[in-house]
J.: 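This structure is in structure tokens; I'll ask about it shortly.
Position 1 is the first residue of the sequence; numbering continues from there.
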Amino acid sequence: MLGTKVRRHRVPIAHGEPFHPPKSGAAECWQAHVAPVKSMGQVQWVIATLLDDRRVARATHNMIAYRFVDATRAGVQVADNDDDGESSAGQKLAALLELMGASDVIVVVSRWFGVTHLG
């Protein structure tokens, strides 16, 4: 995605356990990934690093939401999301981050197979 990843943007990424929703069948699986971020460089590094994992890269959808305070721009709140084709899912993740008052974080939810949209 980014070509060469910049080491100075490296942050730890935590991966949740894969989850199979009870009524969805074994073919559908979700997994959450979360990392602390304080810059767009770190956001891009996390996304590129996750997409380097073949399993994540082949997910049917990778929904993303992030929020951080940009210290280089006088404390401006930066926030964005991506549904990756899963109607409103990234937007709902972003709304949850805002509702919780979360900051300096990126959340990526990977979803494999399934036909019911999360949004």
Side-chain angles (χ1 to χ4, degrees):
M1 176 181 189
L2 295 176
T4 59
K5 295 186 286 182
V6 180
R7 284 185 184 263
R8 74 174 181 268
H9 297 303
R10 180 180 297 233
V11 294
I13 302 173
H15 308 276
E17 290 297 317
F19 173 73
H20 299 278
K23 296 183 180 182
S24 68
E28 185 171 2
C29 182
W30 302 353
Q31 185 177 24
H33 318 275
V34 64
V37 294
K38 291 185 182 257
S39 70
M40 279 308 299
Q42 289 177 334
V43 167
Q44 293 169 340
W45 184 89
V46 169
I47 294 168
T49 298
L50 288 172
L51 292 177
D52 277 350
D53 180 327
R54 286 184 190 164
R55 188 170 189 308
V56 174
R58 288 188 297 205
T60 309
H61 304 283
N62 284 300
M63 291 93 28
I64 300 167
Y66 59 86
R67 288 171 50 94
F68 65 90
V69 176
D70 188 345
T72 64
R73 296 191 314 178
V76 171
Q77 177 77 53
V78 178
D80 202 359
N81 66 81
D82 183 5
D83 298 325
D84 193 27
E86 188 67 65
S87 183
S88 300
Q91 189 175 28
K92 289 179 181 181
L93 280 174
L96 283 172
L97 291 178
E98 184 175 356
L99 182 67
M100 294 173 60
S103 190
D104 300 339
V105 67
I106 182 170
V107 176
V108 178
V109 177
S110 301
R111 180 174 183 224
W112 294 269
F113 308 108
V115 294
T116 303
H117 288 275
L118 295 176

J.: Knowing that exactly one of I106, V105, V43, V76 qualifies, which makes a side-chain contact (heavy atoms from CB on, under 4.5 Å) with F68?
T.: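 Answer to the side-chain contact (heavy atoms from CB on, under 4.5 Å) test with F68 among I106, V105, V43, V76: V43.
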J.: So, do C29 and R55 sit near enough that their side-chain heavy atoms are less than 4.5 Å apart?
T.: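 Sidechains of R55 and C29: in contact.
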J.: Which heavy atom of S110 sits nearest a heavy atom of A59, and at what distance?
T.: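 Answer, listing the atom of S110 first, then A59: CB-CB, 4.1 Å.
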J.: What residues form a salt bridge (Lys or Arg N to Asp or Glu O under 4.0 Å) with D70, not counting sequence neighbours?
T.: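 For D70 the salt bridge (Lys or Arg N to Asp or Glu O under 4.0 Å) partners, ignoring immediate neighbours, are R73.
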J.: Which residues pass the salt bridge (Lys or Arg N to Asp or Glu O under 4.0 Å) test with D80, not counting sequence neighbours?
T.: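 Salt bridge (Lys or Arg N to Asp or Glu O under 4.0 Å) check on D80 returns nothing, list empty.
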J.: If we only count heavy atoms from C-beta on, is the H9 to Q44 side-chain gap below 4.5 Å?
T.: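 No, too far: nothing below the 4.5 Å cut-off.
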J.: Y66 vs V78, test: side chain to side chain contact (heavy atoms under 4.5 Å, CB included). Steps then yes/no.
T.: CA-CA 8 Å; Y66 59 86; V78 178; 4.2 Å; yes
J.: Q91: which residues meet the side-chain contact (heavy atoms from CB on, under 4.5 Å) condition with it, sequence neighbours left out?
T.: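 Q91 satisfies side-chain contact (heavy atoms from CB on, under 4.5 Å) with N81, D83, S88 only.
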J.: Keeping the roles fixed (side chain from H61, backbone from D84), state whether a donor-acceptor pair exists under 3.5 Å.
T.: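 Here the side-chain-to-backbone pair exists.
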J.: What closest approach, in Å, do W112 and W30 show between heavy atoms, and which atom pair accounts for it?
T.: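 Result for this residue pair: CZ3-C, 4.2 Å.
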J.: Any side-chain heavy atom of N62 within less than 4.5 Å of one from L51?
T.: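 Side chain of N62 against side chain of L51, heavy atoms only: contact under 4.5 Å found.
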J.: Sequence neighbours excluded, which residues qualify as side-chain contact (heavy atoms from CB on, under 4.5 Å) partners of V69?
T.: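 Testing V69 for side-chain contact (heavy atoms from CB on, under 4.5 Å), a comparison that skips the adjacent residues, returns Q77, S103, D104.
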J.: So, taking the atom named CZ in F19 and the one named CD in E28, what distance separates them when rounded to the nearest 0.5 Å?
T.: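 Interatomic distance, F19 CZ to E28 CD, rounded to 0.5 Å: 9.5 Å.
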J.: List the residues meeting side-chain contact (heavy atoms from CB on, under 4.5 Å) with R58, not counting sequence neighbours, and say none if there are none.
T.: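 R54.
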J.: Does any N or O in the side chain of Q31 come within less than 3.5 Å of the main-chain N or O of G16, such that one atom is a donor and the other an acceptor?
T.: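 A pair under 3.5 Å: yes.
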J.: Could you pull out all residues at least two apart from I13 that satisfy side-chain contact (heavy atoms from CB on, under 4.5 Å)?
T.: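 Counting only residues at least two positions away or on another chain, I13 forms a side-chain contact (heavy atoms from CB on, under 4.5 Å) with H15, H33, A35, W45, V46, T49, L50.
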J.: Please name the pair of heavy atoms, one in R67 and one in A102, separated by the smallest distance, quoted to 0.1 Å.
T.: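 That would be NE-O, 2.7 Å.
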